[in-house]
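Starting from 1, each residue takes its place in the sequence as its number. Excluded from the calculations below are hydrogen atoms, water molecules and symmetry mates; all remaining heavy atoms, backbone and side chain alike, are included. Here the structure is a predicted model, which means the values were calculated and not measured.
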Amino acid sequence: MSDPSAASIVSTPRPEQLTEASATASAGPVGNGKKEKPRSLLGDAWLDLRRKPLFWISATFIVLFVLMAAFPSLFTSGDPYNGALSRSRIEPSSQGWFGFDVQGRDVYARVIYGAQASILVSLLSVVGTLLIGGTIGIIAGYKGGWVDGLLSRIADIFFGLPFVLGAIVILTTFNGAGSSNSEWQIMGLVTASLVVLSWPVVMRLMRSSVLATKEADYIVAARAMGASTSRIIFKHLLPNCLAPLLVYGTIMIGSFIGAEATLSFLGIGLKSPVVSWGIMINEAQNYLRVSPFLLFFPSAFLVTAVLSFVMLGEAVREALDPKLR
């Protein structure tokens, strides 16, 4: 038989051992003197984005294009609107880095100023598309029933319109040959046509997000506690449904830059006196063999801008989706 007194001596810790153990437990793991605060979804996404070289490359180009659009005089002192016929189709040189077009205008200055119209139209189109499509999608997904059915059928009508055909109908009606619209009116009509033909996609995306979120436990609890519809939408639904719209909106900026250039190239989008990359490509198509630089430089800037926004959208999508990390 074992001695009870000996067993108690072995198993019972001394007072100083208790003090050391409690101090170690309160201090936490070794080398972790400070507790790390829990991060939100956007915090985790930003931490993941900072590690991606693709994000920094695309963000650098986007900042450059935004500066070109906002402050073109920082990049050139040339006149993008007026030229001299004596300089018609002069190739790139020290006098003109990108050469001169048919009317003797500086191609470099026109490329810099062309970013303003292209990026402004795309940004306004994206904002309008997200506001209209997102609002209708929230209403359709949250209300359900006949409201959802009616709004979804209206979206199907617009969704069934071919993009180019719909843009031709809208722009030739309000901005056809012989119209005397100002520069801002032309940009507003192109923006409106892009919004009208693109909002159903955002509506469907927001509606599906709301349908997947509105039956969550915290939404049911807020409704049971008597929260109003507006509070539930703006406080609970909207913050948890913005991630897909943020990703799609970023990619859509690049898509709208390409769409604006396509419409301008076809002669139904932006028109003079507006300067844009699509107009420059349209003017250079007849001189592709003899003066290819007229087409190369605006096309290079257009492709770089579109790729930058698309790559940024892909990086944001991977950062916001935990399955892709």
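In this structure, R207 and A140 approach most closely via the heavy-atom pair CD-CB, 4.3 Å. Contact record, I170 with S193: CG2-CB, 4.0 Å, taken as the closest heavy-atom pair. For the residue pair P92 and F297, the shortest heavy atom distance occurs at CG-CE1, 4.0 Å. Across all their heavy atoms, W277 and V111 have their closest contact at NE1-O, 3.0 Å. Counting all heavy atoms, side chain and backbone alike, L171 lies closest to G269 at CD1-CA, 4.1 Å. Nearest heavy-atom pair across R204 and F159 is NH1-CE2, 3.8 Å.
A donor-acceptor contact shorter than 3.5 Å is absent between the side chain of T129 and the backbone of W199. For the pair S122 (side chain) and I119 (backbone), a donor-acceptor distance under 3.5 Å is present. Listed for the T135 side chain is no donor-acceptor partner under 3.5 Å among the backbone atoms of I132. Side-chain N or O atoms of S209 include one that pairs as donor or acceptor with a backbone N or O of L205 at under 3.5 Å. For the pair Y108 (side chain) and F75 (backbone), a donor-acceptor distance under 3.5 Å is present. Between the side chain of K214 and the main chain of L237, no donor-acceptor pair closer than 3.5 Å is present. Proximity of a side-chain donor or acceptor of S291 to a complementary backbone N or O of F293 within less than 3.5 Å is not detected. Side chain of T76 to backbone of P72: no donor-acceptor contact under 3.5 angstrom is found.
Between N282 and S264, the closest side-chain pair of non-hydrogen atoms is not below 4.5 Å. The shortest distance between side-chain heavy atoms of V102 and Y287 falls below 4.5 Å. Side-chain atoms of Y218 and T213, non-hydrogen and from C-beta on, do get closer than 4.5 Å to each other. Considering only heavy atoms from C-beta on, L211 stays 4.5 Å or farther from Y142 through its side chain. Looking at M187 and Q116, their side chains never come closer than 4.5 Å, going by heavy atoms from C-beta outward. The shortest distance between side-chain heavy atoms of M280 and L294 does not fall below 4.5 Å. In this structure the side chain of L67 never reaches within 4.5 angstrom of the side chain of L74, judged on heavy atoms. Looking only at side-chain heavy atoms (C-beta outward), V220 and M225 stay at 4.5 Å or farther from each other.
One hydrophobic cluster holds both L302 and V66 under the rule that ILVMFWY side chains link at heavy-atom gaps under 4.5 Å. Under the 4.5 Å side-chain heavy-atom criterion for Ile, Leu, Val, Met, Phe, Trp and Tyr, L270 and V275 are members of distinct hydrophobic clusters. Linking ILVMFWY residues whenever their side-chain heavy atoms come closer than 4.5 Å, directly or via other members, places L150 and V210 in the same cluster. Under the 4.5 Å side-chain heavy-atom criterion for ILVMFWY residues, a single connected hydrophobic cluster contains both V274 and W184. Transitive grouping of hydrophobic side chains (ILVMFWY, heavy atoms separated by less than 4.5 Å) brings F163 and V201 into a common cluster.
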Inset, instruction - With side chain to side chain contact (heavy atoms under 4.5 Å, CB included) as the test, would you mind laying out the steps for F296 and F98 before giving the verdict? - result: CA-CA 9 Å; F296 173 76; F98 292 174; over 6 Å; no

CA sep, side-chain torsions, deciding dist, call: I251, L312, side chain to side chain contact (heavy atoms under 4.5 Å, CB included): CA-CA 7 Å; I251 298 176; L312 180 65; over 6 Å; no

For F256 and S198, what are the C-alpha separation, side-chain angles and deciding distance, and is it a side chain to side chain contact (heavy atoms under 4.5 Å, CB included)? CA-CA 10 Å; F256 280 165; S198 303; 3.4 Å; yes

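Counting non-hydrogen atoms of neighbouring residues, nucleotides and ligands closer than 6.0 angstrom, the CD atom of Q285 exceeds 12 such neighbours. Within a 6.0 Å radius of CD in E91, other residues, nucleotides and ligands contribute 12 heavy atoms or fewer.
The CD1 atom of I138 sits 6.5 Å away from the CD1 atom of I233 when rounded to the nearest 0.5 Å.
Alongside F100, the hydrophobic cluster contains I90 (criterion: ILVMFWY side chains under 4.5 Å).
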